[in-house]
Amino acid sequence: MELFRYATSVYGNRVLLGASFDLLQWFVAAGVAAILAHAIFKFIVPSSDGSRS
Amino acid sequence: MSSHAATSTTVASSTQAVGQIRRHELVDRIYHWLMAICILTLLATSLLPIVGWKFAWLTIHWITGLVLTAGVIFHIIRALFFQDPMSMVMDARDVANLTAGGRPGKYNLAQKLYHLAIAILILCGIATGLLMLRKIDTPFWERNAYWFGDQTWGAIYAIHDLVAMALVTMIMIHIYFALRPDEWHLTRSMFRGWISRKEYQDHFDPKRWKAKEEP
């Protein structure tokens with residue numbers, strides 16, 4: 001998987017275009033992972049009033 | 001008339017008994033929701049074409065970006081000169097609370113870290129976005145694609161792209177916390193401006209957040 005997008009200029013140079021949008025799925029996965037990790041943590045560790053959420 | 005007066009008195013007494021604490025002024029709530037609309041519009045107009053939904057997105061995108069920029073400038077001025085900017089700054093007590101379990105001030109450590117991260121991302125997005133405006137024609141200026149060299153433009157675009165994708169992660173987390181039942185009092189306060197006195201006493205340290213009663 002590429003981290004960046006490149007093109008070839010008229011002079012034959014490799015030119016940076018931007019970040020690769022293939023990374024989008026990993027950013028979404030990071031969000032899902034953070035949410036799941038917090039939800040599991042809050043379920044396992046009761047809050048100060050003894051409840052689980 | 002007397003019936004209306006009696007009803008008003010009852011409501012006033014009821015409010016007094018329950019007690020409400022002002023958390024967000026109306027202008028700050030309007031700012032929050034305007035920023036939410038802007039960010040979601042910017043993400044939709046930039047990322048939907050990438051996943052295959054093609055439409056004329058550029059004009060909506062840059063105009064929304066300018067609205068976001070104006071909003072952020074307003075927020076910075078208001079936060080620095082008309083609010084308490086230190087309420088959003090991390091200090092040793094926030095770190096100590098992690099183990100000691102003390103109550104936070106107006107914002108807890110996680111909220112301060114989130115605000116710091118989102119501020120960095122949005123400021124980077126705005127800075128690179130403003131530079132990228134030089135590459136498009138608008139009613140106000142003509143494009144100049146040679147303002148920077150290819151590699152510099154590439155770096156600017158890369159930062160802007162990474163900011164957009166990171167904002168997706170951040171918004172997912174933000175919405176998750178807003179929907180959690182143990183955070184509903186904070187979510188409600190972003191709609192209606194207040195939390196109850198009981199919520200204030202249960203969740204916050206009055207010494208660190210000297211809140212105002214709801215008028």
Side-chain angles (χ1 to χ4, degrees), chain A, chain B residues 43 46-52 97-98 100-104 110 113-114 117 121 124-125 128-129 131-132 135 145-146 148-184 198-199 202-203:
Chain A
M1 185 181 63
E2 295 273 341
L3 294 179
F4 297 99
R5 292 176 286 125
Y6 293 95
T8 304
S9 75
V10 292
Y11 304 107
N13 300 324
R14 196 178 190 217
V15 178
L16 176 65
L17 292 180
S20 168
F21 292 115
D22 291 342
L23 296 173
L24 180 59
Q25 59 191 322
W26 293 102
F27 280 95
V28 172
V32 172
I35 289 168
L36 284 176
H38 184 269
I40 292 168
F41 174 79
K42 292 295 280 187
F43 183 77
I44 293 172
V45 180
S47 58
S48 55
D49 62 1
S51 64
R52 286 182 168 157
S53 53
Chain B
L43 290 179
S46 57
L47 298 179
L48 287 179
I50 291 165
V51 297
N97 281 352
L98 288 174
R103 286 173 296 172
L113 287 169
Y114 184 90
L121 286 174
C124 286
T128 50
L131 292 172
M132 289 158 76
K135 290 193 80 173
Y146 304 103
F148 295 117
D150 287 341
Q151 293 299 335
T152 306
W153 278 123
I156 290 168
Y157 274 72
I159 293 169
H160 203 74
D161 298 341
L162 290 169
V163 164
M165 290 186 280
L167 281 173
V168 172
T169 310
M170 297 296 283
I171 288 168
M172 289 171 67
I173 293 169
H174 188 67
I175 293 173
Y176 161 74
F177 278 104
L179 294 177
R180 281 190 61 83
D182 52 352
E183 306 282 353
W184 278 347
K198 183 176 188 315
E199 289 161 346
D202 288 348
H203 296 283

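Per chain, numbering begins at 1; letters A, B, ... match sequence-line order.
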Rounded to the nearest 0.5 Å, what separates atom NZ in A:K42 from atom CG in B:D182? 5.0 Å

Quick check for you: to the nearest 0.5 Å, what is the distance between A:L16 atom CG and B:W153 atom CH2? 13.0 Å

Sorted by chain and number, sequence neighbours left out, side chain to side chain contact (heavy atoms under 4.5 Å, CB included) with B:V168 holds for A:L24, A:V28, B:L43, B:L47, B:M172

Taking every non-hydrogen atom, the tightest pair across [X] and [Y]:
{"X": "A:R14", "Y": "B:Q151", "answer": "O-NE2, 3.2 Å"}
{"X": "B:I173", "Y": "A:A34", "answer": "CD1-CB, 3.8 Å"}
{"X": "B:M165", "Y": "A:A19", "answer": "CE-CB, 4.0 Å"}

When the 4.5 angstrom heavy-atom criterion is applied to A:A30 and chain B, the contacting part is both

With a 4.5 angstrom heavy-atom cut-off, which part of A:F4 approaches chain B: side chain, backbone, both or neither? side chain

Derivation of the side chain to side chain contact (heavy atoms under 4.5 Å, CB included) call for A:L23 and B:L162: CA-CA 9 Å; A:L23 296 173; B:L162 290 169; 4.0 Å; yes

Pick from A:V15, A:L17, A:N13: which one makes a side chain to side chain contact (heavy atoms under 4.5 Å, CB included) with B:D150? A:V15

Backbone N or O of A:G31 within a donor-acceptor pair of the B:Y176 side chain at under 3.5 Å? no

